[in-house]
Amino acid sequence: MARYNAKESERIWQSVWDGKQSFRAENNSTKPKAYVLEMFPYPSGRIHMGHVRNYTMGDVIARFRRAQGHNVLHPMGWDAFGLPAENAAREKGVHPRAWTYANIAAMRGQLKQMGLAIDWSREFATCDEAYYARQQKLFLDFFRVGLVYRAEADVNWDPVDHTVLANEQVIDGRGWRSGAIVERRKLSQWFFKITSFADDLIGALDGLSRWPEKVRIMQKNWIGRSEGMRFSFALRGAREPAIEVFSTRADTLFGASFVALSPDHPLVQNLAARDPKLAAFVAECRRLGTAEEAIETAEKLGYDTGLRAVHPFDDSWELPVYVANFVLMGYGTGAIFGCPAHDQRDLDFARKYTLPVLPVVVPESADASTFAVGNEAYTGPGRLANSRFLDGMDVESAKAEMATRMEGKGTGTRTVNYRLRDWLVSRQRYWGCPIPVVHCAACGIVPVPEKDLPVVLPEDVRFDVPGNPLELHPTWKQIKCPSCSADARRETDTFDTFVDSSWYFARFADTEAEAPVNKDAADYWLPVDQYIGGVEHAVLHLLYARFFTRAMHRAGHVSVDEPFAGLFTQGMVCHETYKDQDGNWVEPADIEKRSDGAVRKGTGAPIAVGPSEKMSKSKKNVVAPEAIIDTFGADTIRWFMLSDTPPERDIEWTQEGAEGCWRFVQRIHRLVGEAANLPPVGTPIGQIDGAALELRRATHRAIDAVTDDLANLRFNRAVARIYELANAIGTAGDTDGAVRREALETIVLLSAPMMPHLAETNWQRLGHSVLIVESPWPKADAMLVRRDTIKIGVQVNGKLRGEIEVAPDAEKALVEGMVMNLDSVQRDLSDKQFVKFVYVPGRVANVVAKIA
RNA sequence: GGCCCCGUGGUGGAAUGGUAGACACACCGGACUUAAAAUCCGUAGUUCCGAAAGGGACGUGCCCGUUCGAGUCGGGCCGGGGCCA
């Protein structure tokens with residue numbers, strides 16, 4: 001019999017599905033809807049194993065839901081704006097547009113080779129004018145409803161590349177590309193008011209029951225809600241206004257030993273204007289950049305302004321006012337009071353500048369008169385001490401008392417503060433969506449009128465000089481003010497690419513719509529029922545998309561607040577690492593494994609095998625999906641990605657594993673091919689017993705288990721159940737024809753979402769004229785899933801002593817009789833005294849006895 | 001430092017508080033073959049007793065607890081990873 005020709009078969013079925021438009025989603029359907037979405041790829045040029053794993057999982061769910069009778073939306077698009085295209089332009093002289101679309105074409109071809117059940121009619125790229133034009137319209141709508149503003153902000157500025165850098169692009173204080181020392185600069189930037197939804201973005205997390213707990217916690221931490229007090233310190237004998245601070249620990253106010261201002265605090269700016277030393281200190285602080293991690297780990301440095309602050313509860317108590325590098329302008333008010341005994345950063349600072357460290361919270365176990373703080377601040381619970389009217393209270397009561405007193409005097413207010421900052425969306429780059437705004441000397445900021453949209457990127461830009469090509473373009477930014485017609489200047493910033501990916505799922509509902517989002521279609525499809533992607537997007541992308549959905553709701557584009565009802569974060573794809581004797585990384589393709597170890601192909605030089613790590617170019621432990629698909633076909637690589645390892649964990653790619661998958665593909669093909677004399681399709685099953693009945697039971701148990709496993713994304717278990725059915729078919733041998741047909745049809749149907757081409761081929765070989773993608777999911781017969789008799793373990797005092805076979809509903813007394821008659825039980829009980837008999841129906845029987 | 005996740009054979013991993021190791025990979029033995037590949041059959045946690053058939057003990061990172069019964073639940077450690085500091 002001919003072996004299964006995967007290449008040939010896959011090509012054929014892909015073109016059949018394509019010709020029949022098998023995976024088109026209907027916007028009008030009476031079927032239940034299922035929106036299955038994987039995070040869309042950046043068009044880097046070729047797909048990698050991570051894509052294969054991600055899209056295979058999504059495809060299995062999409063095909064499974066389709067077979068179960070759902071109207072499935074499973075689309076694909078391209079997250080196509082971004083810096084790599086500009087880098088390619090600088091390095092290779094190719095235009096970002098040409099580079100990007102060529103990459104998309106190449107990757108589309110590779111994804112199609114995977115045989116994904118995608119509605120390609122809805123495909124788009126975020127760099128398509130049709131898409132970013134609508135994004136500009138959304139921006140104007142957000143502007144209209146008050147969710148957009150422009151403000152000065154601290155940014156990481158690369159003085160060589162003339163651009164703003166994200167925190168992740170600053171490495172050891174230097175620009176990741178130029179290597180120049182990054183400066184902190186104040187620039188006018190565009191912001192989305194994500195903080196106005198902060199409370200709701202936290203509160204709604206509890207309702208996302210089909211999200212991983214881990215992601216919900218990460219988002220909660222990221223938003224960082226904290227309750228505290230806002231109050232002021234007056235300055236003694238100074239003209240300057242009082243310093244307003246925010247603190248979550250107002251209970252420790254009597255332990256205060258200094259007040260500290262952010263280097264970016266307005267008061268500091270004023271003081272620095274007439275104090276060159278302070279100005280120099282501020283400049284020094286700015287060199288740290290804006291990354292919190294850098295600020296946290298840097299040495300705590302301060303500058304004594306000479307000002308003296310007055311304690312809010314004691315007019316005679318003065319505190320020094322410092323400028324400190326660890327105080328962030330963006331958090332709270334940009335000013336704090338320092339209580340060294342109960343805050344580690346304050347303690348580090350106090351030790352450096354020899355300021356008092358007075359404990360005011362004493363743990364229950366310690367003695368208030370002797371309790372002292374060494375090099376570790378005490379942040380735990382306890383009783384207040386050295387704190388006048390707060391003495392003896394616990395921390396929570398003291399906070400409440402402080403709040404009541406301050407609010408009573410009108411000197412402070414309870415405030416909720418967030419770690420989350422508003423979203424800075426402007427980037428000084430070319431390959432992004434232009435922000436549709438005009439700057440006019442007379443009118444200020446003027447949104448581009450909708451009739452003038454889209455603001456299209458110019459094609460004739462140069463990348464041979466540093467800086468923003470839009471800024472450098474000779475004419476593009478010159479425009480008349482839409483409001484007063486005077487000469488004005490176009491905004492040359494483009495959007496952060498996270499904006500592009502914050503609403504694409506809503507566009508998929510209707511990619512032809514004139515409006516950014518077809519509300520009726522979006523109301524039908526949203527929320528996404530199952531979203532799948534890498535955990536690295538747990539915070540930013542998923543938080544931005546949740547914000548955007550709320551903003552779109554407010555602007556009238558959608559009716560939901562949450563974009564993704566179900567979220568699944570899949571693990572990475574790993575591979576062993578290899579090094580030669582000189583310590584150079586070696587690619588898996590150059591390795592040959594022998595019984596005595598790994599060697600380099602050709603030369604036979606010894607190779608050291610290292611641990612399995614995430615596939616990365618730098619470690620050369622990358623296996624190209626194309627090569628695998630070329631050798632074994634798409635079904636084999638898909639089957640591998642689903643087998644053995646639970647989907648949320650990291651999977652290790654191995655050549656042996658891939659070969660094992662390939663053998664199973666062939667085995668199914670052979671099982672179907674070897675099945676001689678099958679009765680025609682639809683032949684009813686008559687009276688059966690013995691091996692035929694056993695096979696039939698195995699078939700229906702497989703349906704039952706695989707259905708449940710796929711519904712819960714337990715792909716590895718579903719795979720194991722299919723192997724079991726294959727083993728059962730092999731064991732059963734040449735039994736009743738109709739039963740064998742049922743078993744074979746079942747294994748083909750159950751494996752179809754995972755190995756769709758193989759399934760289609762064998763479905764046809766079994767005599768079906770309807771495609772398997774148009775065939776319904778099998779149903780398990782409960783009578784056959786249930787067992788007539790079951791084997792249960794017999795224990796004495798919890799130790800296994802034997803096994804008996806009983807009916808699932810056998811009476812306890814009957815089971816007890818059987819158990820007590822077992823020789824092994826009798827032997828064990830010979831020196832013991834019977835106490836009681838425990839029987840868990842269908843599970844276990846346990847004789848409890850004590851030593852006589 | 002805080003919070004969260006994980007720790008099971010040579011390997012990936014199964015296991016609603018109920019017979020630990022399903023299923024797969026690798027290894028080994030056998031059949032088929034001139035040979036190899038492919039395929040099929042088989043053994044396989046550790047250890048002890050036994051010629052064998054069998055039988056016993058131990059076993060899910062470590063310790064303690066709850067329970068008739070713990071990989072699973074609780075407490076405390078150790079190790080690995082993640083997030084936030």
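Residue numbers start from 1 in every chain, and the chains themselves are labelled A, B, ... in the order their sequence lines are given, proteins ahead of strands. Everything numeric here is computed off the predicted structure, so don't read it as measured data.
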Colleague: Suppose you measure atom C1' in G81(B) against the same atom in G9(B); what distance do you get, rounded to whole Å?
Modeller: 23 Å
Colleague: Let me see the working for Asp708(A) and Arg714(A) under salt bridge (Lys or Arg N to Asp or Glu O under 4.0 Å), right down to the final yes or no.
Modeller: CA-CA 8 Å; Asp708(A) 189 53; Arg714(A) 294 187 296 246; 2.9 Å; yes
Colleague: Distance check, P atoms only: C62(B) and C3(B), in whole angstrom units.
Modeller: 24 Å
Colleague: Take atom C1' in U34(B) and the same atom in C28(B), then report the distance between them in whole Å.
Modeller: 25 Å
Colleague: Starting from P on C84(B), measure out to NZ on Lys214(A) and report it in whole angstrom.
Modeller: 12 Å
Colleague: Determine whether Asn727(A) and Arg667(A) satisfy the following criterion, side chain to side chain donor-acceptor pair (under 3.5 Å), listing intermediate values before the conclusion.
Modeller: CA-CA 10 Å; Asn727(A) 292 343; Arg667(A) 187 168 160 210; 2.5 Å; yes
Colleague: In whole angstrom, give me the gap between the C1' atoms of U19(B) and U33(B).
Modeller: 43 Å
Colleague: Could you work out the separation of G59(B) and C48(B) based on their C1' atoms and round it to a whole Å?
Modeller: 14 Å
Colleague: Once you round it to whole Å, what is the distance between P of G17(B) and CD of Gln795(A)?
Modeller: 16 Å
Colleague: Relative to the ring of Tyr378(A), is the ring of Phe371(A) parallel (under 30°), tilted (30 to 60°) or perpendicular (over 60°)?
Modeller: perpendicular
Colleague: 5'-most contact on RNA chain B: Gly793(A) or Met218(A), nearest heavy atom basis?
Modeller: Gly793(A)
Colleague: Could you give the distance separating C23(B) and G61(B) at their P atoms, to the nearest angstrom?
Modeller: 23 Å
Colleague: Quick one: label Val848(A) by what it contacts on the DNA or RNA (base, sugar-phosphate, nothing), any heavy atom closer than 4.0 Å.
Modeller: sugar-phosphate
Colleague: Rounded to whole Å, please give me the gap between CD in Gln655(A) and P in G12(B).
Modeller: 19 Å
Colleague: Map Asn221(A) and Asn846(A) onto RNA chain B by nearest heavy atom, then report which one ends up closer to the 5' terminus.
Modeller: Asn846(A)
Colleague: Taking any heavy-atom pair under 4.0 Å as a contact, classify Lys799(A): base, sugar-phosphate, or nothing.
Modeller: sugar-phosphate
Colleague: Want to know the stems of RNA chain B: at least 3 consecutive Watson-Crick or G-U pairs with distances under 3.5 Å, which are they?
Modeller: B:1-7 with B:78-84, B:10-12 with B:23-25, B:28-31 with B:39-42, B:45-49 with B:54-58, B:61-65 with B:73-77
Colleague: Evaluate the side-chain contact (heavy atoms from CB on, under 4.5 Å) criterion for residues Arg216(A) and Gln219(A): first the C-alpha distance (whole Å), next the side-chain angles of each, then the deciding distance (0.1 Å), finally the verdict.
Modeller: CA-CA 5 Å; Arg216(A) 288 188 283 169; Gln219(A) 293 223 345; 5.9 Å; no
Colleague: I need the NZ-P distance between Lys850(A) and C68(B), as an integer number of Å.
Modeller: 14 Å
Colleague: Hey, does Arg801(A) reach any base, or is it just sugar-phosphate, or nothing, if we go heavy atoms under 4.0 Å?
Modeller: sugar-phosphate
Colleague: How would you label the glycosidic angle of G79(B): syn (within 90° of 0) or anti?
Modeller: anti
Colleague: Whole-Å distance between G1(B) C1' and Arg345(A) CZ?
Modeller: 13 Å
Colleague: Does the side chain of Arg421(A) come within less than 4.5 Å of Ile194(A)'s, by heavy atoms?
Modeller: no
Colleague: Would the Phe568(A) and Tyr531(A) ring centres measure less than 6.0 Å apart?
Modeller: no
Colleague: Taking the same atom, P, in C84(B) and in U11(B), what whole-Å distance lies between them?
Modeller: 33 Å
Colleague: Do any side-chain nitrogens or oxygens of Arg649(A) fall under 4.0 Å of OP1 or OP2 in G13(B)?
Modeller: yes
Colleague: With the criterion being N/O to N/O and under 3.5 Å, what pairs connect the protein with nucleotides 21-25 of chain B, and how long is each?
Modeller:
unit_1, atom_1, unit_2, atom_2, d
A22(B), O2', Glu724(A), OE2, 2.5
A22(B), N3, Arg721(A), NH2, 3.3
A24(B), OP1, Asn727(A), ND2, 3.4

Colleague: What is the distance, to the nearest angstrom, from the CG atom on Asp828(A) to the C1' atom on C68(B)?
Modeller: 14 Å
Colleague: Is it true that the side chains of Asn417(A) and Ser226(A) contain a donor and an acceptor less than 3.5 Å apart?
Modeller: no
Colleague: Quick one: Met641(A) CE to G12(B) P, roughly how many Å, whole number?
Modeller: 18 Å
Colleague: Just checking, any donor-acceptor pair under 3.5 angstrom between side chains of Gln570(A) and Arg649(A)?
Modeller: no
Colleague: Per the atom types in the model, does the base of U39(B) pair as donor or acceptor with the side chain of Arg3(A) at under 3.5 Å?
Modeller: no
Colleague: Atom OG1 in Thr645(A), atom CZ in Phe715(A): separation rounded to 0.5 Å?
Modeller: 13.0 Å
Colleague: Which of parallel (below 30°), tilted (30 to 60°) and perpendicular (above 60°) describes His575(A) and Tyr578(A)?
Modeller: perpendicular
Colleague: In whole angstrom, give the distance that lies between atom CG of Asp708(A) and atom C1' of U16(B).
Modeller: 11 Å
Colleague: Please report the distance separating the P of C58(B) from the corresponding atom of G71(B), rounded so that it comes out in whole Å.
Modeller: 13 Å
Colleague: We want to know whether Ser9(A) and Thr761(A) form a side-chain donor-acceptor pair, criterion being a heavy-atom distance below 3.5 angstrom.
Modeller: yes
